[in-house]
**Q** 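After the structure tokens below, expect a handful of questions from me.
All ligand and atom numbering here is 1-based and tracks the order in the structure. In what follows, every heavy atom counts, from backbone to side chain, and hydrogens, waters and symmetry copies are set aside.
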Amino acid sequence: MTSLAERLARPEILALPHVDIAANPASARDIVKLDSNENGYPPLVTGPLAGDINRYPDPQALRLTARMAALYGVAPDEIVVTRGADDAIDALVRAFCRAGEDAVACCPPTFGQYAQAARIQGARVVEVPLTADFALDEDALIDAVRRDGAVKLVFLCSPNNPTGDVIAPGTVRRVTAALPDTLIVLDEAYIEFADVESMATEATRADNLVVLRTLSKAYGLAGARIGALVGPSSLTAIVGRVLPPYALPSPSLAAALDALAPTLMPIHAERIATIIADRARLAGLLRDADGVTSVREGGANFLLLDVADPAALARRAEAAGVLLRFRPQVAPGAVRATIGTPAENAALLALFGQTAGRTNRTGQAIRHTKETRIAVAIDLDRAEPRSIATGIPFYDHMLDQVAAHAGFSLILQCEGDLDIDAHHSIEDCAIAFGSALSDALGARRGIGRFGFSLPMDETQAEVLIDLSGRPFARFDGDFTASHIGAYPTEMTRHVFRSFADSLGAALHVRVTGDNDHHKTEACYKAFGRALRQAVRTEGDSLSVPSTKGVL
Ligand SMILES: *Cc1c(COP(=O)(O)O)cnc(C)c1O
């Protein structure tokens with residue numbers, strides 16, 4: 001039985017001869033590569049982009065395809081990686097719409113590329129506007145597509161740009177069921193920010209549902225131009241035919257693989273959660289602002305505002321150097337504003353005479369070496385989440401004690417060369433932890449300086465800390481056992497030195513007692529307790545606790 005995709009595809013596309021593109025050599029042995037008319041001389045590009053950019057990239061982008069398939073929970077033959085979701089929209093229209101004959105349907109106000117790609121291809125555009133309340137007019141859409149008879153693709157956008165509205169999966173299922181001979185393309189460019197699940201895995205099982213995803217928004221890779229189309233393998237095979245050979249540049253492939261490293265996923269999740277929380281906070285503040293008629297919070301990484309005087313806002317934004325997207329075709333006062341970093345959000349709020357209030361002190365560190373790949377995120381003003389995976393269970397427990405006793409959230413992920421030993425992972429995690437903490441402390445405004453002492457059964461540990469910006473470490477204590485689990489006890493001394501160096505702190509640690517487990521744990525706990533005091537903002541949060549005025 002032929003699939004719907006095969007029945008709907010342009011006959012010329014199905015008839016295309018197979019193009020034999022040189023694949024990259026699979027083996028690691030030295031290859032003399034004279035098959036692709038590349039320039040064998042080393043690239044005249046310096047820095048991390050150089051790589052082997054004089055060679056063509058992997059034509060099938062196999063590694064990134066596999067990674068993104070895993071990310072979206074589908075099989076590699078159920079996904080086509082494209083140059084952004086924009087390219088996927090274009091490829092779909094080219095694969096399915098014959099110029100002058102076929103049509104696409106979309107529901108404005110929505111993303112402009114659906115109609116644009118159709119017009120470029122010479123396909124008609126059937127527009128079925130959203131209701132006055134920006135809801136999808138399900139019955140009108142189904143009716144219009146049935147009546148027209150030539151619609152090959154229906155574009156639905158959820159969350160919708162620029163309204164932010166989410167289309168309930170049940171609605172998508174009803175439209176898909178009502179139009180079994182039409183491909184329903186669900187653009188999920190912002191789905192990571194919404195409170196509904198992606199329909200990507202469902203699309204691989206349905207005959208006429210295709211899902212678009214992108215790394216531009218949630219994963220911060222807009223400049224790399226990486227998106228994807230997910231659907232049944234019969235459809236992805238057809239779309240793959242209309243893409244140019246070597247479509248994805250090697251620096252983009254490398255950047256995407258780097259950004260999607262498993263160690264970074266908790267950091268992405270944390271950033272997405274922050275953007276969602278900021279979206280709600282900003283929506284609340286802007287609803288109270290003068291001249292703002294309404295705020296649509298939606299499920300994406302932007303707000304849609306309705307303002308009384310868009311011209312005046314445009315002048316204020318221009319003067320302040322803030323770029324906003326005015327959308328008069330949606331409503332005369334409609335303005336789309338992206339949720340940005342705390343500083344960017346403060347600039348947006350300032351346009352409306354609102355102040356951001358105190359934002360959380362957050363810090364991050366990414367550390368990639370030959371031995372370890374580590375990502376750390378700290379939020380000093382939040383106690384959760386704590387998620388630590390160093391690969392050494394006892395050390396996870398120790399770092400968790402530090403964060404729990406310090407009272408801040410800590411995400412720390414490490415992939416290290418544990419097959420050699422635990423040394424690199426332990427030390428590099430300590431360095432990255434200190435850097436992230438230093439980042440979170442920023443200018444070290446409003447923080448206290450000193451520390452703490454802790455008894456634990458027969459053990460006593462004392463940690464004195466001065467977040468002075470000047471590294472100094474002193475460790476008084478000895479251990480008799482060589483290891484606790486996979487954790488070498490001698491590392492404790494090194495860890496505190498690494499903390500001191502990367503955090504920019506004077507650290508004095510003293511521990512006495514009989515039991516090595518107690519002694520080790522007491523050091524980490526006391527360090528957490530000392531940090532709790534030292535990082536606490538006191539009184540006037542703008543003053544630096546030093547007579548010099550800087551730390
Ligand atoms: C931004 C956006 C896209 C394009 O994403 P890229 O992957 O950067 O091309 C697609 N659809 C919608 C609704 C968007 O807002």
**Q** In this structure, are over 12 heavy atoms from other groups packed under 6.0 Å from Glu197 atom CD?
**A** no
**Q** Angle between ring planes, Tyr190 versus Phe302, binned at 30° and 60°: parallel, tilted or perpendicular?
**A** perpendicular
**Q** With a cut-off of 3.5 Å and sequence neighbours excluded, list every side-chain donor-acceptor pair involving residues 313-328.
**A**
| from | atom 1 | to | atom 2 | distance (Å) |
| --- | --- | --- | --- | --- |
| Arg316 | NE | Leu351 | O | 2.8 |
| Arg316 | NH2 | Leu351 | O | 3.2 |

**Q** Who passes ring pair (Phe, Tyr, Trp, His ring centres under 6.0 Å) against Phe111, sequence neighbours left out?
**A** Tyr114
**Q** Tell me, please, which residues at least two apart from Phe134 pass ring pair (Phe, Tyr, Trp, His ring centres under 6.0 Å).
**A** none
**Q** Would you say Asp58's side chain and Leu62's backbone share a donor-acceptor pair under 3.5 angstrom?
**A** yes
**Q** What short N/O contacts, under 3.5 Å, does ligand 1 make with the protein, listed by atom pair and distance?
**A**
| from | atom 1 | to | atom 2 | distance (Å) |
| --- | --- | --- | --- | --- |
| ligand 1 | 7 (O) | Ala85 | N | 2.6 |
| ligand 1 | 7 (O) | Thr214 | OG1 | 2.5 |
| ligand 1 | 7 (O) | Ser216 | OG | 3.3 |
| ligand 1 | 8 (O) | Ser216 | OG | 2.6 |
| ligand 1 | 8 (O) | Arg225 | NH1 | 2.7 |
| ligand 1 | 9 (O) | Ala85 | N | 3.0 |
| ligand 1 | 9 (O) | Asp86 | N | 3.0 |
| ligand 1 | 9 (O) | Asp86 | OD2 | 3.4 |
| ligand 1 | 9 (O) | Arg225 | NH2 | 2.8 |
| ligand 1 | 11 (N) | Asp187 | OD1 | 3.3 |
| ligand 1 | 11 (N) | Asp187 | OD2 | 2.6 |
| ligand 1 | 15 (O) | Asn161 | ND2 | 2.9 |
| ligand 1 | 15 (O) | Tyr190 | OH | 2.6 |
| ligand 1 | 15 (O) | Lys217 | NZ | 3.3 |

